[in-house]
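Letters A, B, ... are given to chains in the order of the sequence lines, protein chains preceding strands, and every chain is numbered from 1.
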2 protein chains.
Amino acid sequence: MRLYSYFRSSASFRVRIALNLKGLAFETLPVHLVRHGGDQRNADFLALNPDGLVPVLLDEAEDPTARMTQSLAIVEYLDETHPEPPLLPAEATARARVRALALNVACEIHPLNNLRVLRYLTQVLAIGDDAKNAWYRHWVETGLQAFEAQLASSRETGVFCHGDRPTLADITLVPQVFNAQRFDCDLSSMPTVMRIHAACMALDAFARAAPGRQPDAE
Amino acid sequence: MRLYSYFRSSASFRVRIALNLKGLAFETLPVHLVRHGGDQRNADFLALNPDGLVPVLLDEAEDPTARMTQSLAIVEYLDETHPEPPLLPAEATARARVRALALNVACEIHPLNNLRVLRYLTQVLAIGDDAKNAWYRHWVETGLQAFEAQLASSRETGVFCHGDRPTLADITLVPQVFNAQRFDCDLSSMPTVMRIHAACMALDAFARAAPGRQPDAE
């Protein structure tokens with residue numbers, strides 16, 4: 001498989017973890033999101049993905065024409081085409097819980113803090129760096145606090161977000177914690193989040209997917 | 001089933017469409033997101049869902065303790081527990097396409113325009129109404145233009161977003177178009193989006209789920 005990826009992109013990070021957990025080899029095709037205004041805005045890349053977003057997964061052995069986008073859709077695809085080890089539990093309400101945790105990060109936290117949003121704040125609304133960083137921390141901290149409350153209030157939370165093996169929820173949580181740490185967010189009130197983050201990062205599949213270990217890392 | 005819902009909430013609207021498509025009866029439990037600072041911030045509601053977000057689905061016949069959150073996770077749950085009619089296609093890359101379209105709306109457009117984000121812009125960043133409305137239209141218009149490009153460039157687009165019956169992608173698109181129209185966004189460059197929106201709204205399951213037809217509509 002081939003993955004269009006940027007080392008710091010959380011969404012790319014999620015897919016790298018899933019590929020590693022499944023034991024699937026992949027080639028990284030770097031897309032630099034910052035340099036020269038962003039390679040994702042080049043005509044060649046937009047022809048591949050009109051959204052201008054990474055990651056994009058090509059699985060040419062399965063379907064030579066498919067260009068898969070949106071990290072959570074890609075992870076579900078990998079789970080359906082390579083069922084072992086499963087990234088979702090078996091039972092329907094448990095699957096709903098894991099997907100809801102993942103969507104909490106993917107819909108409530110991450111979209112407010114990606115590059116294009118921060119650019120709009122500084123370039124169009126002309127807010128300063130302090131206000132931009134406060135915006136960033138506000139959404140990450142309130143979002144992860146809600147995530148912590150979800151984890152702490154459920155008997156289904158285990159070594160990982162759901163039980164004792166990693167799922168889609170952990171795959172989505174870990175890159176968000178990386179971002180939070182990079183922007184000096186206060187994570188002291190989130191012991192369950194941080195315990196699970198450490199359990200994940202002790203696994204080779206998560207550690208190898210980290211930004212600093214990618215071929216395009218700076 | 002019982003659904004905590006607000007008539008104008010797009011995420012609640014998605015779940016109402018899915019319940020109607022599945023032919024499942026449900027009781028609406030209204031949560032007013034605006035009045036008195038928002039019922040979703042009451043202690044009773046936060047005990048139910050620490051995120052303070054609607055929708056929440058209770059399916060007591062299946063599991064008396066489950067409180068399901070996050071609209072896309074709920075729709076997947078309904079599709080797994082009530083398979084007919086299916087809301088996702090059968091084949092893995094087609095499922096990935098439908099999920100990616102839904103996530104395009106749920107992750108790239110909707111999170112930037114919900115109530116709490118607009119409140120932060122006006123209350124914390126003190127931007128005026130014109131700048132707030134420009135922000136709203138910017139994300140909706142660029143997001144739906146990318147959605148249009150995805151639809152227009154694929155042979156898999158049919159009467160609906162994927163083929164000739166409604167899927168998770170249509171369920172997510174229609175509430176976003178409602179919001180766009182309410183805020184006077186320019187949708188003139190999106191003929192495929194608008195054609196599919198009209199095809200959806202001709203179906204009773206979509207029409208009955210619309211904000212104006214809910215028991216808490218104002």
**Q** Specify the closest pair of heavy atoms between B:Ala100 and A:Ala73, including all atoms of both residues, with the distance to one decimal.
**A**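 Smallest heavy-atom distance, with atoms named: N-CB, 3.7 Å.
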**Q** Does any backbone or side-chain atom of B:Leu53 lie under 4.5 Å from a heavy atom of chain A? Answer side chain, backbone, both or neither.
**A** side chain
**Q** Quick one: what part of A:Thr81 sits under 4.5 Å from any heavy atom of chain B, side chain, backbone, both or neither?
**A** side chain
**Q** Can I get a per-line list of side-chain donor-acceptor pairs under 3.5 Å for residues 120-128 of chain A, giving both atom names and the distance, sequence neighbours left out?
**A**
{"from": "A:Thr122", "atom 1": "OG1", "to": "A:Leu118", "atom 2": "O", "distance (Å)": "3.2"}
{"from": "A:Thr122", "atom 1": "OG1", "to": "A:Arg119", "atom 2": "O", "distance (Å)": "3.2"}

**Q** What residues of residues 157-169 of chain A make heavy-atom contacts with chain B at a cutoff under 4.5 angstrom?
**A**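 Within residues 157-169 of chain A, no residue comes under 4.5 Å from chain B.
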**Q** Using heavy-atom distances under 4.5 Å, tell me whether A:Ala66 contacts chain B through its side chain, its backbone, both, or neither.
**A** side chain
**Q** Give, as side chain, backbone, both or neither, the part of B:Arg97 having an atom under 4.5 angstrom from any heavy atom of chain A.
**A** neither
**Q** Out of A:Gln145, A:His138, A:Glu148, A:Arg116, return the one with the most heavy atom pairs under 4.5 angstrom to chain B.
**A**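 Top option by heavy-atom pairs under 4.5 Å: A:Arg116.
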**Q** When you compare the side chain of B:Asp51 with that of A:Gln150, does any pair of heavy atoms fall below 4.5 Å?
**A**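 Yes. Closest side-chain heavy atoms under 4.5 Å.
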**Q** Hey, could you give me the CG/CD distance between A:Leu88 and B:Glu80, rounded to the nearest 0.5 Å?
**A** 8.0 Å
**Q** Out of B:Leu112, B:Asn114, B:Val117, B:Asn104, return the one with the most heavy atom pairs under 4.5 angstrom to chain A.
**A** B:Asn104
**Q** For chain B, which of A:Arg95, A:Gln70, A:Arg67, A:Met68 has the most heavy-atom pairs under 4.5 Å?
**A** A:Gln70
**Q** At what distance, to the nearest 0.5 angstrom, does OG1 of B:Thr69 lie from CD of A:Glu108?
**A** 9.0 Å
**Q** Within the 4.5 Å heavy-atom criterion, are B:Leu103 and A:Leu103 side-chain neighbours or not?
**A** yes
**Q** Of the backbone (N, CA, C, O) and the side chain (C-beta and beyond), which part of B:Thr93 lies under 4.5 Å from a heavy atom of chain A, both, or neither?
**A** both
**Q** Ignoring hydrogens, what is the shortest heavy-atom contact between A:Ala106 and B:Cys107? Give both atom names and the distance.
**A** O-SG, 3.5 Å
**Q** In terms of heavy-atom proximity below 4.5 Å to chain A, should B:Trp139 be classed as side chain, backbone, both, or neither?
**A** side chain
